[in-house]
Amino acid sequence: MSARSPVREQAPAIRRALLRWYDAHQRPLPWRRTPANAYHVWISEIMLQQTRVAAALDHYRRFLKKFSSVRALARASEADVLAVWSGLGYYRRARMLHAAASTIVNDHGGRLPQNEGQWRALPGIGRYTAAAIASICLHARTAVVDGNVERVLHRLTGKRFRPEGLWKAANDLLAPRRPGDFNQSMMELGALVCTPKSPACKECPLFRWCATRGEHRAQRKESRRRIVAAYALAQRKDRVWLVQRPYDHSLMAGMWELPETVARGEPCLRLKHSITNTDIAVSVFRARPARSSRGKWVRAADAVDLPLTGLTRKILRRVGLL
DNA sequence: TACACGTGGCG
DNA sequence: TCGCCAAGTGT
């Protein structure tokens with residue numbers, strides 16, 4: 001934007017161009033087929049937090065098949081919810097989702113929140129998610145700001161915003177009659193066109209208003225931690241020995257994994273794995289279960305119903321047990 | 001406020 | 001190959 005044409009003055013034209021583009025180019029995602037179903041949209045929004053659409057699709061379908069309503073979700077055990085969530089990461093999301101479902105059923109008679117503030121009060125629902133659900137399902141005139149919206153606004157205006165300025169800018173641009181579609185169109189644009197690296201400016205519906213036209217934002221590099229880890233793979237017929245992470249441990253509490261061991265001899269498997277900002281060089285050794293480890297023999301076929309850590313799933317798949 | 005929290009795919 | 005990153009939230 002030039003200094004003489006602030007986004008606010010151009011907002012109507014920008015909205016129209018953006019929504020027109022969205023109507024033509026949006027991806028046919030399953031939760032977009034039922035925008036009035038707040039339970040569906042809620043599940044999708046939680047799954048999509050810091051998670052790519054492609055990674056969430058399978059889990060979304062399986063989750064709704066297993067927990068088709070907020071009552072079904074509230075009825076389930078946390079372990080069952082985590083088992084379906086297994087592989088998606090950020091497991092606290094699943095715990096908070098489950099807790100929120102219990103609150104809705106126990107304290108509100110199973111009736112989903114009817115406004116943004118009520119959504120915001122539930123665990124796992126912050127400013128972004130409350131606004132997303134309220135705008136999509138309740139037609140509330142409230143804008144969202146996520147990583148996509150931040151990048152789009154930053155490039156479109158050429159300005160640097162403080163966090164509150166970002167929310168204000170998004171709300172100034174919001175299409176008042178289609179808030180849910182507008183919010184999704186901003187994120188869709190960020191995901192498909194105005195991407196972090198090499199944005200497709202030639203295809204951008206906002207090109208004519210854009211101040212930067214593809215300037216990429218400076219990115220800070222974060223040093224990653226590197227560690228090594230060794231796991232013991234003990235098998236008895238079709239069963240494998242798994243141990244449960246302690247519940248007082250915040251990281252993946254209560255989830256199941258192979259027991260750790262001391263590296264000795266030649267591993268039967270080597271692989272790399274990353275969690276958050278730690279890179280792990282993993283070795284897996286054939287072994288007998290240690291007497292001290294609290295665990296159990298699990299049939300490989302039953303392991304899929306346990307809340308396994310992502311690394312454990314990866315190992316079991318790699319050795320052909322899953 | 002800065003940091004912890006998972007994972008798989010892509011350039 | 002490997003570093004970067006994706007529809008955030010809670011503390």
Answer yes or no: does a side-chain N or O of [X] lie under 4.0 Å from OP1 or OP2 of [N]?
X	N	answer
A:T129	C:dT9	yes
A:H273	B:dG6	no
A:Y90	C:dA6	no

[X] [atom1] to [N] [atom2]: how many Å, rounded?
X	N	atom1	atom2	value
A:M255	B:dG6	CE	P	8 Å
A:I280	C:dC2	CD1	P	16 Å
A:L271	C:dT1	CG	P	13 Å
A:R95	C:dT11	CZ	P	13 Å
A:R92	B:dC5	CZ	P	9 Å
A:E150	C:dG8	CD	C1'	12 Å
A:L88	B:dG6	CG	P	12 Å
A:Y91	B:dC5	OH	P	13 Å

Taking salt bridge (Lys or Arg N to Asp or Glu O under 4.0 Å) as the cut-off, I'd like each qualifying pair that reaches into [range], sequence neighbours left out, listed once.
range	value
residues 262-278 of chain A	A:E266-A:R270
residues 124-143 of chain A	A:R127-A:E164
residues 313-322 of chain A	none
residues 72-86 of chain A	A:E78-A:R95

Residues that [X] engages under side-chain hydrogen bond (donor to acceptor under 3.5 Å, both in side chains), provided they are two or more places apart:
X	result
A:Q114	none
A:T142	A:E116
A:R111	none
A:D23	A:R178

Close residues, residues 166-174 of chain A, relative to DNA chain C [heavy-atom separation under 4.0 Å]: none

Strand contacts (DNA chain C) in residues 314-322 of chain A, 4.0 angstrom heavy-atom criterion: none

With respect to the side chain of A:R151, which nucleotide from C:dA6, C:dT9, B:dG6 is positioned closest? C:dA6

For the side chain of A:K272, counting heavy atoms from C-beta on, which of C:dA6, C:dC2, B:dT7 is nearest? C:dC2

Quick one, which residues of residues 43-60 of chain A touch DNA chain B with a heavy atom under 4.0 Å? A:Q50, A:T51, A:R52

Does any pair with a residue in residues 29-53 of chain A pass side chain to side chain donor-acceptor pair (under 3.5 Å), and if so which ones, sequence neighbours excluded? A:Y22-A:R32, A:R32-A:Q184, A:R32-A:E188, A:T34-A:H40, A:N37-A:H40, A:E45-A:Y128, A:Q49-A:T129, A:T51-A:R93

On the side chain of A:R127, is there an atom forming a donor-acceptor pair with the base of C:dT9 - under 3.5 Å, no angle test? no

A:K159 side chain near A:H154 side chain, heavy-atom distance below 4.5 Å: no

So which heavy atom on [X] is nearest to which on [Y], and how close?
X	Y	answer
A:L189	A:P205	CD1-CD, 3.6 Å
A:W297	A:Q235	CZ3-C, 3.8 Å
A:G295	A:W256	CA-CZ3, 4.5 Å

Quick check on DNA chain C: between A:R32 and A:I125, whose nearest nucleotide comes earlier from the 5' end? A:R32

Report the residue (A:R27 or A:G124) whose heavy-atom-nearest nucleotide on DNA chain C is the more 5′ of the two. A:R27

NA contact type, [X], heavy-atom cut-off 4.0 Å: base, sugar-phosphate, or nothing?
X	result
A:I133	nothing
A:G190	nothing
A:W85	nothing

DNA chain B: A:G87 or A:P163, which has the more 5' nearest nucleotide? A:P163

